[in-house]
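Residue numbering restarts at 1 for every chain, and letters A, B, ... go by the order of the sequence lines. These values consider heavy atoms only, across backbone and side chains, with no hydrogens, waters or symmetry-generated copies.
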2 protein chains.
Amino acid sequence: MDDLQPPGRLVTLTDVAREAGVGESTVSRVLRNHGSYSKRAGERVAEAVARLGYVPNRLAGSLAGPGASTRLAGVVIPSLANVVFPDLLRGLTTALDAEGIQCVIGVSDYDADREEALVAALLSWRPAALLLTGLEHTPGTVALARAGGLRVVEMIDTDGAGIDAVVGFSNRAVGAASARHLVGRGYRRIAYLGHDLAVDLRAGKRLAGFEDTLAESGLALCGKEIRPGPSSPGSGRAGLEALLARRPDLDAVYFSNDDMALGGYFACLAAGLAVPGRIALFGFNGLDFAAAMPQPLSTVRTPRLEIGRQAAACVMGERAKRIDLGFTLIEGATA
Amino acid sequence: MDDLQPPGRLVTLTDVAREAGVGESTVSRVLRNHGSYSKRAGERVAEAVARLGYVPNRLAGSLAGPGASTRLAGVVIPSLANVVFPDLLRGLTTALDAEGIQCVIGVSDYDADREEALVAALLSWRPAALLLTGLEHTPGTVALARAGGLRVVEMIDTDGAGIDAVVGFSNRAVGAASARHLVGRGYRRIAYLGHDLAVDLRAGKRLAGFEDTLAESGLALCGKEIRPGPSSPGSGRAGLEALLARRPDLDAVYFSNDDMALGGYFACLAAGLAVPGRIALFGFNGLDFAAAMPQPLSTVRTPRLEIGRQAAACVMGERAKRIDLGFTLIEGATA
DNA sequence: TCGCCTTTTGGCAGCGCTGCCAATCCGGTT
DNA sequence: AACCGGATTGGCAGCGCTGCCAAAAGGCGA
């Protein structure tokens, strides 16, 4: 193997053709196993490829080929700090890898304008599909996505209209189900503890569903604590301590997610408050640790991996679909 | 804005040139703000771009341009299930975004052959840089990376020789420091509890450093539990229960990471074992929740985001560097 | 052995863009 | 009024690959 590739000029298909003593078209056919070629040609090309260490240039391939069949998928997620999105990515890449499709990712930091810029940048690679998070986008993002002439999949949220395909679950319904659970268990002095809602719109939808359902029972939140910044156990712990200082009579807390709830649980442990006897805790997401807690966390499990997988299926699918994968309420032992 | 783009033929630079009434080269110069052009030309092009909704085709751009300047970085990580890698990605994308570089990612599932396949696939996009995890690769991977004529950065681990640039910390040193801490605190009956070492080589290096250091004090592990599958709190809890069943006299446990340690902590809470009085726990990574625990977890904080950032800096940098970012031992209250 | 049909093959245009180069334009000089 | 240097501009080759087409090579029955 030629280790000393003069860096600057990489091996091209033409080099392979010369080395193998066949035409360029033949090399192309062999490499893509497309069209017909003799066994002999196949062998000579394979040898030449190995000898030269040839790596195809897909930039050129996609440019030359029909339309924009790039085998690339552009993915925009709002964050990597929240486990949910890596999980989503995991389902996505696993399923897409099987189809030989690679992901180009962009992280928007929950900023719609950044999302738009990322979409424009991603589209410049002429991806075969564009995967976005949530249903709320700038008009510019929507226009770009529509004009791209490619499959667009919006993931996670189904509470609203989508551009093309939509895969997820109803965040409002999650909030509603969580409220019904708490009310059904007899809790009345319920507070909400969350991270910044202005940026995490889906958490806002859950809260809206939660409050609406409380209202149906003639109840209202008896406390609401919104912590700035992203969700984290530290934030959950500090938040619950703040909440209890203000409203010592609380009997249940609905958290924006499990990370926050874990922090709340730690706060209770530290303060010696019985869970759920003295105070009940309810989370969201159904993360790994929730089931391992001494008292399994009461929460809602979301089908994150499955959303990724189904989104990948949408990328391949012919028609745009709208898939609601639902969620599972886990009773647990903390509420 | 023309909403009805006949899908199949997207707007090209030539269209923009015609619309703006200028030559292609001028459009190209304006768009890249490269070379000189009149104010008037700039305006006409900008208008045409807006009117047509033009999105440049970078496939063509990179193909035409010099060398392989793609503004793409190929990234291979072993997993998305372990928070460490999303954190790494986060540091990476943040810093790379600022330079207008996009990441194409591949997930190897801790499989070196898969990694090689991914590297080949990524190289076919002619990325400007290749970022790998760890120092152990197949000969094929190394050959590909070398032949690519691009910057290669290996992240996280510095215990060994790299292909080009290396950014991380010494896992062996982490294990050694952890052992010194536990021994210094007087623990003698120490066990190890980890996830599958065959796949996570860096966990293996930590354990090696740990055991070597124990040996220097004339000690040896008095128990070792390796759980199949990835690390998780559930696995940590079950593992500690198994370990205690076999060796009820344990006085400390070194976990492969914080997730496992959290599970161990839950096991202690559930069994009513005092931490660290009855049994001490020591983790690895310094995740968010560690500090929020009623007794902050004793662990080692790794500079994950910073590794990502520095790796991004290496991508841009002229010369290959070798950067050891070290780590911080957090005394905590569990060991 | 010849002709006909199928398989295999190579040449070449062109994908959308950039770099190079020569042409054109502009304002001020002599 | 002819001239000059720099700013601005357009034409065009070519990046590496694929699709199309016509040419060449086989295969086979008559």
Given atom [atom1] of [X] and atom [atom2] of [N], what is their separation to the nearest angstrom?
X	N	atom1	atom2	result
B:H34	C:dC17	NE2	C1'	14 Å
A:L63	C:dG16	CG	P	7 Å
A:E24	C:dG14	CD	C1'	13 Å
B:R32	C:dT18	CZ	P	4 Å
B:R40	C:dC26	CZ	P	10 Å
B:R58	C:dC15	CZ	C1'	18 Å
B:L31	C:dC17	CG	C1'	11 Å
B:N57	D:dC15	CG	C1'	13 Å

Identify which nucleotide among [options] has an atom closest to any side-chain atom of [X], counting heavy atoms from C-beta outward.
X	options	answer
A:Y54	C:dG19, D:dC17, C:dG10	D:dC17
A:A60	D:dA7, C:dT9, D:dG16	D:dG16
A:T12	C:dT18, D:dC17, C:dG10	D:dC17
B:S25	C:dG16, C:dT9, C:dG19	C:dG19
A:S28	C:dT9, D:dT18, C:dG16	D:dT18
B:L13	D:dC17, C:dT18, C:dT7	C:dT18

Between [X] and [Y], do the side chains contain an N or O donor and an N or O acceptor separated by less than 3.5 Å?
X	Y	value
A:R32	A:S28	yes
B:T138	B:T141	yes
A:E115	A:H137	yes

> Would you say B:T26 reaches D:dG10's phosphate, i.e. side-chain N/O to OP1/OP2 under 4.0 Å?
Replying inline: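 Yes, B:T26 has a side-chain N/O under 4.0 Å of OP1/OP2 on D:dG10.
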> side chain to side chain contact (heavy atoms under 4.5 Å, CB included) between A:V167 and A:E306: does it pass, once the steps are laid out?
Replying inline: CA-CA 9 Å; A:V167 182; A:E306 191 57 22; over 6 Å; no
> Taking the nucleotide of DNA chain C with the closest heavy atom to each, which residue, A:V22 or B:G61, is nearer the 5' end?
Replying inline: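 Closer to the 5' end of DNA chain C: A:V22.
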>> Once hydrogens and angles are ignored, does a donor-acceptor distance under 3.5 Å link the base of C:dG10 to the side chain of A:R29?
In response: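 Side chain to base: pair found, below 3.5 Å.
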> How would you label the contact of A:A41 with the nucleic acid (heavy atoms, under 4.0 Å): base, sugar-phosphate, or nothing?
Replying inline: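 Sugar-phosphate contact only - A:A41 comes under 4.0 Å of backbone atoms but never of a base.
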> Touch check for A:S38, heavy atoms < 4.0 angstrom, all strands: base, sugar-phosphate only, or nothing?
Replying inline: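 Sugar-phosphate, no base atom in range.
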>> Could you check whether B:E43 pairs with B:R40 (Lys NZ or Arg NE/NH1/NH2 to Asp/Glu carboxylate O, under 4.0 Å)?
In response: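 No, no charged N to carboxylate O under 4.0 Å.
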